[in-house]
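Quick notes on the structure that follows.
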Amino acid sequence: MAKNEVAVVGVGLSKHVSKRRDVNIAELVWEAVSACYEDAGLKPKDVDAFATGNMPAFEGVNLPEEWGAGHWGAYNKPLLRITTGGTTGGSVAHGGYYLVGSGLFDTVMCIAFEKQSDGNSTMGLNTVALADAAAQLQLGVDPGFIASFGGGAVGVAVYQASSYMKSSGCTTHHLDKVSALCRNNAALNPYSHLKQPGLTPEEVAKTTLLQYPIRFGHVCPATDGACAMLFTTGEKARKLTDKPAYVLSCASASDEAALVGISGSGTTNVDPCEQESCKIAAARAYEIAGIKDPRNEIDLAEPYSPFAHQLLMFYERLLLCDEGEAPSILDSGSMNLDGELPVCPSGGVISTNAIGASAMERVAECALQIMGKCGERQVKKDVHKAVAHGWGGAVNLNVVAVLSDTPRR
Amino acid sequence: MEYKNETIAIEGSWNLASWEWKFESIALIRKTFEAMKNERKLMANKCPGCGRVYFLPKPYCLCLSIPDEWVEIKDTATVTTYTFTGAWAYEGIADDEVSGTPQIFAGVVFDGSDTKTVTMLEGIEPEKVHVGMRVKLKWPEEVAGGLTDLAHCVPLEE
Amino acid sequence: MDKEVAIIAYAQLPYEADNNMSREVMVLKATRAAIEAAGLKREDLDTVITANNDYNDGRTISNMRLVEPAGSWHKNESKVEMDGTFGVLYALTRILSGDHDIALVVGESQASVYGGILPGIMMLDPTFDRQRWLLNEVSAAALQASAYMAAAGVSAEQIAAVAAKNLDNAALNPFALRSLKGADAKKVLASRPLYSPITELMTAPRCDGACAVVMASAKAAAKVEKPVWIKGVGFSHDSYVTERSLDSMGSLKLAADACYRQAGIEDPASQIDLAEVHECFAHEELMAYEALGFCEPLQGGVFFDSGATRLDGKLPVNASGGALGANAEYATGLARIIEAAMQIRGDAGRHQVKGVKTAVAHGQTGICAQENIVYVLGGE
Ligand SMILES: [Zn+2]
């Protein structure tokens, strides 16, 4: 019932690699933004408002758009900065949906980015929990002791993975298969970071074990990259392109932080694989989109999965199958590019993770697949409806967007 | 004019050492630690609004009330999530990766509380750990009154 | 926009140098007070927007620890890393889109946690300005003040008199951190010099504080007593501090023009009854008079001297004392919306101005007011 129909008319991505030492933050973002203007056939003067975000601890710059947005065309334009950690890109895309959907603005440029190589990623991540660690120090707790409980290098994901495997029957072989599927898809995506054509599950199984059940091959890389998307009204979109991707709905839901509560207090989010907030967000998004049977109506999914198990877990939490069914669906080949419900055709977050941009790249891939602009990685089936997901915080925020080739009725 | 193909890097960081956070939880958790040391009891705080019981105690609740009632909870618990370090014998793992004794970490919910505490499991093989299994806090011989007292749980024989 | 979205309740905590509570408990208190004032329960909220800054909070993803205290557990939550006035904009679009009916917006920060000027320094161009340690929020504002004074022929005494007006008004505001009853320009000029021409009493004092507003769609506001309607909104991003002329507030002018168009305001000076301005420094209030169209360009000082913006004037500005009375960053602008709404409802207590029907509220983010947002609010 948005006042305006909302559609995506342009997508732009920068080159994604681990270290972009040839550009600064503003220049990296401009790569994506200029590509997006070009894709949509629009100019900065055509844009009515901007939405932007990143995870600012990674670069060590507070409100980086204050310094950079003038270079992206935002000078003397309304600009809204939305930041929600790992979900930032998704949240910025949601911002675009609401800014256009409200009827206040017609055309909105959404920009999300991360230049992790400018800062110190470990430092960036530590700042998430440093305040709580400081409290625990006050209680006389050795920080090394706390860190050992945190799940080492891969943090809360290891708890989540083993809980998920126990509840679903997912095996480590399934994790290997997920990695192989995604990295092979990534090899077909010019904007992905880790391209491993022909990678087999057996090869993934031979990578170093970080902590049970997660191996090096099951984990995303750290990436420099930016993503930009142009949202506009349905009416304008139909004038600009024959095949816009409509955004039918956006919804999010937050949970209590999963691993430890504030400064060591208990948390009621007792099982990090439950992801109740993802189910809530997905159900809300489908309801607004008028989707009654997501399993049959959704043609493609881009779950946010920096860790292999999350592709399967979020496939379930996005209500695309019963809980515990995803591993066998993976085995059936349905998630492949030529399958019945392709998953992460972009290669997913496990292949490319420019933190702040990642959740927007999920929305972007859904839009590109609907618009038929995916080249070699274009899925075989016609994509009418697709679901894009973002996940972040301390396992506590899920954002879901539903896109379609036809407007909402 | 030619440009170098690399930008110049300048050091800069977010010096968090100058931030001074404030916490109510420290005083609450200290109170629990004291009860552990002096009375060998696990004390949690209960929300008057919704009845949720927080262990370790928490200064505020999901329902926007302040948990202000102290209640004793049991030292038996249920595992809700777990992981283990190092390599372990699960399908597909090479022998040369197995080294040392794996440590099993588990999120457990103590009986009488609604929240998770992270602890280490002892006296069980990693492959036998499962979500839903029952465990019991292994009290140290001498209770120090700190988080280390909660560091170990053992399987509960029922 | 006519009677589409209303502010139905709000709450402020007293602003203090150190309010001796965690950020989370502070937010919980503001949230609970706002929800109670609306006569609602947490369950009634559809969406929650927090407005805060990771660098101020000293926490990456600082909204993550506010899930419980801001009442957003299992709710459609997001964070705007700008002043709370921009959080209200986001909530407004969420309601206008038709997807949500009731929204809560919370703005907060604690200066006692982040200390002084570091978050502001981190906003500077990292490749050049940050390396030189010359610019910070105060020194940049001093450049802005000098540029404006030269352009508009305003004196340091006039700027000091603005500060004196606001500090005197703040004495009537029970939430204010700082006030000075009977203050005059002389006292302000005699306070600690910072960067010339700015003295300590011309700056908005950073402090601890949080405030919250509850917003509702027309449908959800139907049964509410004294709803305050959002009649117009406009906002704009200016270029980086060293890349623009500092002698006027260009983006505030654009924001005001867009806002007035929406609200059907043609002559702000006569149609607006009261304004709450987010002046991080006293001179910004004079610049805002011009940008908001209360007077002609470069006439800010003359307009102020006319007495129009005093508590008993024809267009009182910052009856609450404004940001000079208390500046809990990211909540300061949101407090301007709350103060304007209080005036419209007639709930402003000792600093109530008679007959306020239409009011302007302004918020800003960034060095030298780089981002500005303007609202026109009105009663029934
Ligand atoms: Zn409760």
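Protein chains get the first letters and strands the later ones, always in sequence-line order, with residue 1 at the start of each.
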Give the member of [options] that has the highest number of heavy-atom pairs under 4.5 Å with chain C.
options	answer
S277(A), A251(A), S249(A), A26(A)	A251(A)
G70(A), A51(A), A57(A)	A57(A)
E65(A), E276(A), R284(A)	R284(A)
G95(A), A49(A), A253(A), P78(A)	P78(A)

Answer with side chain, backbone, both or neither: which region of [X] has an atom nearer than 4.5 Å to a non-hydrogen atom of chain C?
X	result
L104(A)	side chain
H71(A)	side chain
A281(A)	neither
I280(A)	side chain
F50(A)	neither

Do the side chains of [Y] and [X] get nearer than 4.5 Å, heavy atoms only?
X	Y	value
Q370(C)	W67(A)	no
M122(C)	V61(A)	no
M64(C)	T84(A)	no
H237(C)	R81(A)	no

Next on the checklist: Tell me if the centroids of the rings in Y90(C) and Y97(A) come within less than 6.0 Å of each other.
Outcome noted: no
Got a second to check how far [X]'s [atom1] is from [Y]'s [atom2], nearest 0.5 Å?
X	Y	atom1	atom2	result
L79(A)	T365(C)	CG	OG1	10.0 Å
L254(C)	N76(A)	CG	CG	4.5 Å
E66(A)	I367(C)	CD	CD1	7.5 Å
L397(A)	S78(C)	CG	OG	7.5 Å
T83(A)	N52(C)	OG1	CG	7.5 Å
F105(A)	T93(C)	CZ	OG1	8.5 Å

Contact part of [X] toward chain A, heavy-atom cut-off under 4.5 Å: side chain, backbone, both or neither?
X	result
D129(C)	neither
N63(C)	side chain
E77(C)	both
K75(C)	backbone
E371(C)	side chain
D54(C)	side chain

Tell me, out of [options], who's got the most heavy-atom pairs with chain A below 4.5 Å.
options	result
L89(C), D238(C), N53(C)	N53(C)
H100(C), E243(C), R244(C), K79(C)	K79(C)
M82(C), R94(C), Q262(C)	R94(C)
E24(C), R59(C), E81(C), M123(C)	E81(C)
L124(C), V67(C), I95(C)	V67(C)
G58(C), P119(C), S251(C)	P119(C)

Checklist outcome for this item: Closest non-hydrogen contact found for R65(C) with A257(A) is NH1-CB, 3.3 Å
Checklist entry - Which heavy-atom pair separates E256(A) from W73(C) by the least distance, and what is that distance? => result N-CD1, 3.7 Å
For the side chain of [X] and the backbone of [Y], is there at least one donor-acceptor N/O pair under 3.5 Å apart?
X	Y	result
Y75(A)	Y240(C)	no
Y55(C)	P56(A)	yes
S254(A)	S72(C)	yes

Using a cut-off of 6.0 Å, state whether more than 12 heavy atoms not belonging to [X] lie near its atom [atom1].
X	atom1	result
K77(A)	NZ	yes
E287(A)	CD	no
K3(C)	NZ	yes

Item to check | Trace of the salt bridge (charged side-chain N to carboxylate O under 4.0 Å, His left out) decision for E4(C) with K3(A) | outcome: CA-CA 12 Å; E4(C) 292 189 70; K3(A) 283 192 177 168; 2.3 Å; yes
Checklist entry - Do you see a donor-acceptor pair shorter than 3.5 Å between the side chains of H74(C) and D255(A)? => result yes
